[in-house]
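Structure, as structure tokens:
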Amino acid sequence: MKALVLHAVNDIRLKDVKEPVLCKGQALVKVHACGICGSDIPRIYVNGTYHFPTIPGHEFAGEVVEIYSDSDRDREYLNKRVGIFPLIPCMECTQCRMGHYEMCSNYDYLGSRCDGGFAEYVKVPTWNLIKLPDNVSYEDAAMLEPMSVAVHSIRKAIGAADTTLDKSAKIAVIGLGTIGLLITMFLRNMGYENVYAIGNKDFQKETVIKLGIKKEKYLDFRSVVDILEANGNTSKEKLNKSQPFLGGFDLVFEAVGKNDTINLAIRLSAPLAAVCLVGNPASDISFDKNVYWMILRKQLLVTGTWNSSFTHEEDDDWNYVINQLADAKIHPKELITHRFPLDKLCEGLDIMHYKKENYIKVMGIFDED
């Protein structure tokens, strides 16, 4: 089969490799669509992965063409269209026994610790499969993983708050990459009326407006920082009249993972607000003394989130997203800016790594629906 194989840092090549050989309890999935995650870029170009060679790619969907299992439940997946939860839990650690599989302490992971979706075929534990409704496309399903991450962060943040947020609560999303935009999309879908989006590019502004955010509720990151600095000695009453959003947000999502955006999230929080850290850290994180004081004096709740819940129960994040897709309440294809076949997917990787063009979600389309 054809696959993009990472042989070393910054050495990824399209090659002919052997098709995966199944072990018991595994399925062979023919990949139809696979997205490029932002985390794939440092993995491929900068940091490397857990071993070489590795086939990257963890945001994918396809069709089950072979099953190696005696279980009737497993064999129901044969010839079915599926999405794939990429984290493979050990099922033995404390968190796994509690059903918190995303926090497994000894997990495997498709596309980083074992071979993933930048290939024609992938072997996947049957436990990691989820069936797709007929009206959910492979492109939509290849975005199940980032959508579930976004939903998980919202549920985590709202669940951790002292009280349930009213639908009119002021919410800010800092960082408008794929995850930040999906958080924005789902907040709107959940009925939150007062969502502000903070980014740094004109095309991000255009995108959030298409998602239903009013143009006055798109805020440029640099402008917000400048206003904060310029109005440091202005009374709160005057400040709130001139810039109402600076009265403080009830909930802030930070979806970048950098010092300046995390510090801004804390500065923009209202007293007793919650701050949800979502972005993977780009480097070491530190707080200015005055920012740290804000956490204390505002009595902020700062929470972190990672990955998503996948339990095969109706209330897990993946089933929530599947149901929203099936009911046509969300439209993730709006965020796909580039599509490439497998043999040209490196062009998409380069666009993301070298910032050659504006992009949101770069998608590999290996076989049409």
Side-chain angles (χ1 to χ4, degrees), residues 1-5 15-35 53-92 96-97 99 101-102 104 106-145 147-148 307-314 316-323 325-326 342 363-369:
M1 68 174 186
K2 299 288 186 183
L4 272 181
V5 183
K15 295 186 65 177
D16 286 310
V17 299
K18 293 181 179 179
E19 284 188 13
V21 177
L22 299 184
C23 297
K24 197 165 186 178
Q26 291 182 332
L28 186 67
V29 176
K30 179 178 174 60
V31 181
H32 284 252
C34 184
T54 299
I55 300 172
H58 62 269
E59 300 179 359
F60 64 99
E63 178 187 1
V64 175
V65 295
E66 185 180 342
I67 292 279
Y68 181 10
S69 175
D70 297 328
S71 164
D72 290 339
R73 177 190 173 279
D74 286 352
R75 297 201 64 79
E76 288 180 2
Y77 287 107
L78 188 61
N79 301 320
K80 294 297 191 297
R81 303 164 64 255
V82 294
I84 293 93
F85 180 63
L87 186 150
I88 304 171
C90 72
M91 300 296 183
E92 296 178 357
C96 281
R97 291 198 300 270
Y101 302 111
E102 75 276 12
C104 172
N106 189 33
Y107 62 89
D108 208 346
Y109 208 95
L110 295 161
S112 61
R113 301 187 180 205
C114 61
D115 288 339
F118 291 174
E120 292 183 297
Y121 296 92
V122 186
K123 63 177 180 180
V124 178
T126 56
W127 185 87
N128 290 70
L129 304 175
I130 186 168
K131 292 178 184 177
L132 302 180
D134 291 340
N135 65 332
V136 174
S137 71
Y138 286 120
E139 282 189 353
D140 287 335
M143 293 183 69
L144 279 170
E145 197 274 342
M147 286 190 286
S148 297
N307 217 286
S308 56
S309 67
F310 181 79
T311 62
H312 293 281
E313 301 293 334
E314 276 298 313
D316 72 17
D317 298 326
W318 282 65
N319 277 287
Y320 176 88
V321 173
I322 284 275
N323 290 334
L325 284 171
L342 178 59
M363 183 67 66
I365 305 297
F366 305 163
D367 199 357
E368 298 296 335
D369 288 2

Only one of T54, D115, V17 passes side-chain contact (heavy atoms from CB on, under 4.5 Å) with V5, and that residue is V17
Side chain proximity check, M91 to Y101, heavy atoms < 4.5 angstrom: yes
To the nearest 0.5 Å, what is the distance between OH on Y68 and OG1 on T126? 13.0 Å
Considering only heavy atoms from C-beta outward, does the side chain of K2 approach that of D16 to under 4.5 Å? yes
Looking only at heavy atoms, the pair that brings D70 and K24 closest together is OD2-NZ, 2.8 Å
Checking D108 side chain against I88 main chain: does a donor-acceptor pair fall under 3.5 Å? no
Below 4.5 Å, heavy atoms only, C-beta onward: do I365 and E139 meet side chain to side chain? yes
Minimum heavy-atom separation for Y138 and A33, please, with both atom names. O-CB, 3.7 Å
Evaluate W127 against F85 for side-chain contact (heavy atoms from CB on, under 4.5 Å), listing each step before the verdict. CA-CA 9 Å; W127 185 87; F85 180 63; 4.0 Å; yes
Taken to the nearest 0.5 Å, the spacing of E76 CD from K131 NZ works out to 4.5 Å
Side chains of Y109 and N307, heavy atoms from C-beta outward: is any pair under 4.5 Å? yes
Residues C90 and C104: closest non-hydrogen pair is N-SG, 3.2 Å
Smallest heavy-atom separation, P133 atom then R81 atom, equals O-NH1, 3.2 Å
Tell me if the CG atom of N135 is crowded by more than 12 foreign heavy atoms within 6.0 Å. yes
Give me the atom names and distance for the closest heavy-atom approach of M147 to D140. CE-O, 3.5 Å
Is there a side-chain contact between F310 and L144, using heavy atoms and a 4.5 Å cut-off? no
If every non-hydrogen atom of I67 is compared with every non-hydrogen atom of A27, which pair is closest and at what distance? CD1-CB, 3.5 Å
Between the side chains of S308 and D317, does any donor sit under 3.5 Å from an acceptor? no
Look up atom OH in Y121 and atom CD in E63, then write down how far apart they are to the nearest 0.5 Å. 9.0 Å
NE2-CG distance between H312 and L129, expressed to the nearest 0.5 angstrom: 7.5 Å
As an exercise, state the distance from OG of S148 to CD1 of I130, rounded to the nearest 0.5 Å. 7.5 Å
If we only count heavy atoms from C-beta on, is the E314 to N323 side-chain gap below 4.5 Å? yes
Quick one: CG on N106 to CD on E92, what's the gap to the nearest 0.5 Å? 8.0 Å
Counting N and O atoms only, with roles assigned by atom type, does the side chain of N128 sit under 3.5 Å from a partner on the main chain of P86, one being a donor and the other an acceptor? no
Do F366 and H32 have side chains that get closer than 4.5 Å, going by heavy atoms? no
So do the side chains of I84 and V122 get within less than 4.5 Å of each other, counting heavy atoms only? no
